[in-house]
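Take a look at the structure below.
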Amino acid sequence: REGRARVHIVVAGGYEQSDQFGPSTAPRAHVDAYDPERDAWAARAPMPRAVSGAASGAVGGGARLLIAGGGGLEAYDAAADAWSAAGALADPPQNLMASTAGRGAVVDGRLWVAGGFDENSRNSAATFAYDEAANRWHAGPKLPNERSAFRAVGHRGTLVVVGGGPPLVLVGGLWSELPPLPLPVD
C-alpha cells in the first residue's frame with residue numbers, strides 16, 4: 001500500500017560486531033529492517049546517536065518505534081525512514097536517561113521502561129511510562145527488586161517481566177509475582 005512501510009522487524013543500535021579478541025563496548029547507530037514480503041534485510045536511516053542496551057517498543061499501531069535510554073528518547077517512522085526526538089527531553093527522568101539495559105514494552109499505548117543500570121552502574125528497580133499523547137514521562141511503581149538481566153512484554157493490558165528475579169506482572173499499579181518458571185532464567 002502506498003504510504004505504508006513494509007517493514008515489520010527493525011533492529012537498531014547495540015554493540016559493534018565482536019572481533020576475535022572479544023566483544024566491542026562501542027555502541028552503534030546502525031539500523032536494519034526485515035521485509036518479510038521480500039524476505040530480505042536492508043539498511044535504514046541510522047539513529048541520531050549510538051545506543052546499546054536501550055528499551056524499545058512500537059506505538060501508533062506499529063507506525064513508530066520508540067527507543068529510550070542512554071541519554072534520550074528517539075522515535076523512528078518506518079514509512080518515512082526518519083528519526084526524530086520524542087518525549088519531554090528537557091526534563092527526562094534522570095536515572096532512565098542515564099540507564100542502559102532497561103527493558104521496555106508497550107502497554108495500552110505507553111512505552112514502559114523498567115530496571116536496567118542506573119547512572120552508577122548498579123541494578124535499578126525504577127519504572128517509567130512514556131505517554132506519547134501527553135508527551136510526558138510518568139514514574140511507575142518500583143520493581144520489588146533491582147534487576148537488569150530480564151525481558152519485558154506487554155500482554156493484555158499488563159506489563160510482564162521475566163528473568164533477574166521471580167517473574168512479575170504489573171496490574172492496576174501493583175506488582176505481583178507469577179508462578180516460578182520450571183527452569184530459572186537469567
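Fair warning: this is a prediction, and the values are worked out from it, not measured in the lab.
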Shortest non-hydrogen contact from V107 toward T158: CG2-O, 3.4 Å

Minimum heavy-atom separation for L143 and A114, please, with both atom names. CD1-CB, 4.2 Å

For R49 against E74, the heavy-atom pair lying closest together: NE-OE2, 3.2 Å

Who passes salt bridge (charged side-chain N to carboxylate O under 4.0 Å, His left out) against E146, sequence neighbours left out? none

So among V153, L111, L66, L159, which one has a side-chain contact (heavy atoms from CB on, under 4.5 Å) with V106? L111

Taking every non-hydrogen atom, the tightest pair across P166 and R147: O-NH2, 3.1 Å

I need the single residue from D35, D32, D81 that forms a salt bridge (charged side-chain N to carboxylate O under 4.0 Å, His left out) with R44. Which is it? D81

Do you know the tightest heavy-atom contact between A12 and I67? CB-CD1, 3.6 Å

Apply ring-ring contact (aromatic ring centres under 6.0 Å, His included) to W83 and list each qualifying residue two or more places apart in sequence or on a separate chain. Y76

Between R136 and D131, is the closest basic N to carboxylate O distance under 4.0 Å? no

The criterion is salt bridge (charged side-chain N to carboxylate O under 4.0 Å, His left out); which residues satisfy it with D108, sequence neighbours excluded? none

Check the angle between the aromatic planes of W137 and F128 and answer parallel, tilted or perpendicular using the 30° and 60° thresholds. perpendicular

